[in-house]
Amino acid sequence: MIEILDDRQVERARATGALVGAILATMRERATVGTNLLEIDAWTKAMIEDAGATSCYVDYEPSFGRGPFGHYICTSVNDAVLHGLPHDRALADGDLLTLDLAVVLGGVAADSAVSFVVGTPAPEDEALIAVTERALASAISVAGPGAKLGDVSHAIGAVLEGAGYSVNTQFGGHGIGSTMHQDPHVANTGRPGRGYTLRPGLMLAIEPWVMADTHRLVTDPDGWTLRSETGCRTAHSEHTVVVTEDGVDVLTLPPAA
Ligand code: MG
Ligand code: MG
């Protein structure tokens, strides 16, 4: 089922999105060389609870993970790209960290992910992150009312494939509303003009991700963390957006400086 939010739900979604954006911005600021991934998890838990929100992750138990996730944020480092289970690990200079966070506030969910380098960045890591950010921006630019889902998928794929990456189609974006993962699936490559027609009140989590030299994933022994098969670096950018009467609003932006 595809959920269309009414105006009141959209207003609540703005608050949820702002909270997710604020938590990710705070964690990005705090994550420096020597920070432990479990500290990031604990800080995130505190911010979620202080805001009166609920984690979408802690009890999450989907078919593709092993048991309840048990943590509040995904922390994927270097070759890890999706669903990174926080471990007792201190960040090192040059680590490429992806944080992915979803919470529910006021009955509405929001979901966002950001990749960045801790300490001194390697130019190739910055380029990898930039391509996912460009793909996300391109998808957002076409995601207005009347657009087709295929237009969004095509916009993502055109940037990723145009930059020479092969796209993994096992995981992509999704509808989001009263729960985190809903229909429709938003593939990270597709054909323009095809599929579901976007309409006001539809909320989507759009999330291009890429691995430097492969499209194949392997599951970590922890049962959750997904890594590149070759051990190459990876990046992931995600925002929750809502379709409006005349365009699309990005709900999970970091707070304005
Ligand atoms: Mg996410
Ligand atoms: Mg998502």
Side-chain angles (χ1 to χ4, degrees), residues 2-3 5 13 16-28 37 40-41 44-45 47-48 53-65 69-77 80-86 96-105 108-116 129 132-133 135-137 139-140 143 149 152-153 156 160 167-189 202-211 217 224-227 234-243 248 250-254:
I2 293 176
E3 190 175 345
L5 282 72
T16 315
L19 175 63
V20 168
I23 294 175
L24 286 178
T26 301
M27 296 309 141
R28 181 175 187 158
L37 299 179
I40 296 173
D41 189 50
T44 301
K45 175 181 195 278
M47 285 188 77
I48 291 171
T54 308
S55 167
C56 295
Y57 291 168
V58 70
D59 297 323
Y60 193 50
E61 203 171 357
S63 58
F64 53 78
F69 189 72
H71 290 271
Y72 293 80
I73 191 166
C74 294
T75 55
S76 302
V77 182
V81 63
L82 298 174
H83 314 155
L85 194 70
L96 196 170
L97 176 63
T98 298
L99 299 176
D100 194 344
L101 176 69
V103 307
V104 173
L105 181 66
V108 185
D111 183 5
S112 180
V114 63
S115 289
F116 57 94
I129 294 165
T132 63
E133 290 176 349
L136 178 55
I140 290 169
L149 206 53
V152 177
S153 295
I156 296 169
L160 300 183
V167 174
N168 173 295
T169 52
Q170 289 171 274
F171 295 94
H174 48 94
I176 179 168
S178 52
T179 57
M180 168 173 62
H181 282 151
Q182 300 188 351
D183 289 334
H185 174 67
V186 185
N188 282 341
T189 185
L202 174 71
M203 205 155 78
L204 295 174
I206 303 174
E207 48 181 313
W209 57 278
V210 76
M211 302 184 279
L217 289 167
W224 276 99
T225 305
L226 297 176
R227 300 181 184 279
T234 65
H236 180 198
S237 298
E238 176 179 25
H239 275 307
T240 294
V241 306
V242 64
V243 179
V248 68
V250 182
L251 303 180
T252 45
L253 292 171

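Numbering of ligands and ligand atoms starts at 1, following listing order. We number each residue from 1, following the sequence as shown.
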Review point. Going by atom types only, do S237 and T132 share a side-chain donor-acceptor pair under 3.5 Å?
Key: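 On atom types as modelled, these side chains qualify, holding a pair under 3.5 Å.
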Is it true that a side-chain atom of [X] and a backbone atom of [Y] form a donor plus acceptor pair closer than 3.5 Å?
X    : Y    : value
T252 : H239 : no
E3   : S178 : yes
T16  : V108 : yes

Point to revise | I23, I73, T44 screened by side-chain contact (heavy atoms from CB on, under 4.5 Å) with L99, the one that passes | key: I73
Check your understanding: In the protein, how many N/O/S atoms are under 2.8 Å from the Mg ion (ligand 2)?
Key -> 4
Check your understanding: Listed by chain and number, what are the ring pair (Phe, Tyr, Trp, His ring centres under 6.0 Å) partners of H185, not counting sequence neighbours?
Key ->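 Per chain and number, H185 pairs via ring pair (Phe, Tyr, Trp, His ring centres under 6.0 Å) with no residue.
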